[in-house]
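In what follows, chains are A, B, ... by sequence order, proteins preceding strands, each numbered from 1.
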Amino acid sequence: MRYAFFPGCVLEGAAKENYIATTAVAKALGIELVEIPGWTCCGASHVQDVNDLAATAINARNIALAEQMGLPLLTVCNTCTLMLRKAKTKLDNGQKDQVNGILAKAGIKYEGTSEITHLLWVLIRDYGLNKLQGLIKRPLIGLKVAGYYGCHILRPPAVMDFEDHANPQSLENLIRAIGAKPVDFAAKLKCCGFHATYTAEPDVIRITGETNQSAAEAGADCIVTPCPLCQMSLDMNQTEGQTAVGCKQEMPVLHLAQLVGLALGLSPEELGINMLIAGRELIKARIS
Amino acid sequence: MRKITYKIERFDGVNNFVQEYSFPYQPGKTILWGLITIKDSLDPTLAFTAACRSAVCGACAVRVNGQAVLACETPLDAILERFGDTLTIAPIQNFKVIRDLVVDWEPQAARLAEAKTWLQPRDEFDARKGCRQTAADFKKINTQAACILCGSCASECSKLSANDQDFLEPFTYSKVWKFVADTRDKSAAERIQAIQDKGLWKCMHCAECITKCPKGLAPGEDIARLRQLSIKMGYTGNPGARHALSFVKDIEDTGRLNEAKLQVRTIGLISSIAKFPMALRLLRRGKLNPFHFPGKVKGHEQIQAILKAVRESEK
Ligand code: SF4
Ligand code: SF4
Ligand code: FES
């Protein structure tokens, strides 16, 4: 299994641990990730606020680079996945000629031959949870995990059509497959507010506090999310969030690849667990 | 016999309580059919609103297991398949509840009126000549014109749920955009100016509104359209616009983001320093490297050619 890997800016910056974990997990599973040479920022749900066509065109280039490699494009970020898929949806539904006119100035062409997928979907649809189960070395028996989807892996469903947006089950199925126990919690489909970090900060802090509290009240030992931006929002704001909602319980927030990596028997160091802000020691104690 | 159960979040004017009703399943029905069945055969005191029963009046929006839907057009079978035979039915969120599933639209109507969401005809029109536009011009605002004011988008809006004092209902932004883009309207500039301090940059991009709208509107995307136009009109002095412009600049300069610069450009150096505790936490865990300046990506000249071509195509 080979994919054109689109790490996204946040894996180069504030979520390096997810780069480390994703690479380690892919290696352990025998999934080959070939980083796309020359990929650029997907626009992070902001560029369309300046210029919609620019957002589509830069992502048409990103996708075209994967097409040149003859591989499906894999990301590990909800927002990257949405931005790329949104561009692809527009290109495949009438905007292709217009945008190819623009790409021609740069000597590239969008064909429409590469799918855009996310690590979570790959593990479930391409790799298969049975196969994954066969490789588990450290079944996380008894670990109660709150699966937090984040908006952009589900919404809008016209672009993100992997599963039912109102009752998704992929995270729960994955959590079960690695031996842990999914917990149902009220905030499972909520927004982390990341994209309004600078413009609505008090709201963002409170809603992240509410989400962590909701997981704590449901008895979760940790949260897992397929989105590094959600992870950052829930992890980085934790102290302020706790104060805002009056909940003192520390809540580790793991990247998807970190949780899978722990079950595959990788060490916390190999998965960048040390770079989490909240709950590092809780997780280490729980698996030792 | 298969039974369906609705657990309804009720309110009698003083107390909130949950009441369970079970009734026999019938195939091919809607959520609204269940409510009517309860009112007709089990409990005439249950209050809900519905008029057209054909997804036109917008009166029947309710939350089913936490998701706003139009009761009259939502097939019961599909929902039962999704959630099983017991459903929780609640009034839509972010509205004041009058009784049971009935909400008060008065405050929202007043907020909508503040945004002056009615046509301000151009001076060339008058009562005799009317106010015509071409079919092609109407097509540009056709989608937004289809809003039935059901409130589903407002019910699930992440920003509105967090704080409605500095944000409007998503449908209001769609209506403002509709008039901004309407060739018969003369007040686009005033409308853009007025929306600046009405939460324009506070939308969280959660896409709940786009997901929940039964009429195919995308208020979140209309917000993006309003933002684009306001940047074009020169409203760039706020953190939201600065943040968005900063992304474009980083992509054009190197292809990738520079997180340290991003923060300073968005909120300014002084506020960045005020964020010190958070930054320190990131630094300490090795997540933020102030000395990381991403070099230009391979094929960077392609990006510049693309962005230049985009600008030229829009001249
Ligand atoms: S995308 Fe924006 S307007 Fe739409 S529901 Fe989310 S926060 Fe509200
Ligand atoms: S925009 Fe859609 S969901 Fe919102 S009030 Fe109008 S019709 Fe209902
Ligand atoms: S009853 Fe009119 S929209 Fe449902």
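No side-chain N or O of Gln228(B) forms a donor-acceptor pair with one of Asp52(A) less than 3.5 Å apart.
Counting heavy-atom pairs under 4.5 Å between each of Asn65(B), Ile231(B), Ile306(B) and chain A puts Ile306(B) at the top. When each of Val47(A), Asp49(A), Thr40(A), Thr199(A) is checked for heavy-atom pairs under 4.5 Å with chain B, Asp49(A) comes out on top. The choice from Gly66(B), Ser313(B), Gly199(B), Ala309(B) that makes the most heavy-atom pairs within less than 4.5 Å of chain A is Ala309(B). Most heavy-atom pairs under 4.5 Å with chain B, from the set Gly193(A), Ala166(A), Ala200(A): that is Ala166(A). In terms of heavy-atom pairs under 4.5 angstrom with chain A, the leader among Glu208(B), His300(B), Arg225(B) is Glu208(B). Contact tally against chain B (heavy-atom pairs below 4.5 Å) for Leu189(A), Asn274(A), Asn51(A): the top residue is Asn51(A). With respect to chain A, the highest number of heavy-atom pairs below 4.5 Å among Lys202(B), Arg82(B), Glu312(B) belongs to Arg82(B). Most heavy-atom pairs under 4.5 Å with chain A, from the set Ile210(B), Asp166(B), Ile303(B): that is Ile303(B). No other option in Ala305(B), Cys203(B), Cys206(B) has as many heavy-atom pairs under 4.5 Å with chain A as Cys206(B). Residue with the most contacts toward chain B among Ala196(A), Ser45(A), Pro37(A): Ser45(A) (heavy-atom pairs, distance under 4.5 Å).
The part of Glu17(A) that comes within reach of chain B is its side chain, from C-beta onward, which places non-hydrogen atoms under 4.5 angstrom from that chain. Looking at Ile102(A), the atoms closer than 4.5 Å to chain B (heavy atoms on both sides) sit in the backbone and in the side chain alike. Glu301(B) does not touch chain A: none of its heavy atoms, backbone or side chain, sits under 4.5 Å away. Neither the backbone nor the side chain of Lys308(B) comes within less than 4.5 Å of any heavy atom of chain A. Heavy-atom distances place the side chain of Asp164(A), and not its backbone, under 4.5 Å from chain B. Interface remark: Glu314(B) contributes side-chain atoms only to the contact with chain A (heavy atom separation under 4.5 Å). Looking at Ile251(B), only its side chain comes within 4.5 Å of chain A, counting heavy atoms on both sides.
Heavy-atom neighbours of chain A within the stretch residues 84-91 of chain B, taken at a separation under 4.5 angstrom, are nonexistent.
The minimum heavy-atom distance between Glu252(B) and Leu307(B), with the atom names listed, is CB-CD1, 3.7 Å. Closest approach of Ser161(B) to Gln93(B), counting heavy atoms only: OG-NE2, 4.4 Å. Scanning all heavy atoms of the two residues, the minimum distance from Ala154(B) to Pro170(B) falls at CA-CD, 3.7 Å. The two residues Glu156(B) and Ala68(B) make their nearest non-hydrogen contact at OE2-N, 3.2 Å. Pairing each heavy atom of Pro228(A) with each of Cys77(A), the nearest pair is CD-CA, 3.5 Å. When all heavy atoms are compared, the tightest approach of Lys298(B) to Arg61(A) is O-NH2, 3.2 Å.
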For this session: Begin from the C-alpha positions of Gln95(A) and Tyr110(A) and carry the test side chain to side chain donor-acceptor pair (under 3.5 Å) through to its verdict.
Result: CA-CA 11 Å; Gln95(A) 238 183 312; Tyr110(A) 170 87; over 6 Å; no
Exercise. When you look at Gln169(A) and Asn173(A), which way does the side chain to side chain donor-acceptor pair (under 3.5 Å) test go after all the steps?
Worked result: CA-CA 6 Å; Gln169(A) 291 298 320; Asn173(A) 292 338; 5.6 Å; no
Exercise. Can Asp97(A) and Asn100(A) be said to form a side chain to side chain donor-acceptor pair (under 3.5 Å), step by step?
Worked result: CA-CA 5 Å; Asp97(A) 290 344; Asn100(A) 269 337; 5.2 Å; no
For this session: Check step by step if side chain to side chain donor-acceptor pair (under 3.5 Å) holds for Lys190(A) and Tyr148(A).
Result: CA-CA 8 Å; Lys190(A) 288 271 188 292; Tyr148(A) 180 80; over 6 Å; no
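Between the side chain of Arg155(A) and the backbone N or O of Gly150(A) there is no donor-acceptor pair closer than 3.5 Å.
When the shell of 6.0 Å around NZ of Lys105(A) is examined, it contains 12 or fewer heavy atoms from other residues, nucleotides or ligands.
Classified by interplanar angle (parallel below 30°, tilted 30° to 60°, perpendicular above 60°), the ring pair His152(A)/His195(A) is parallel.
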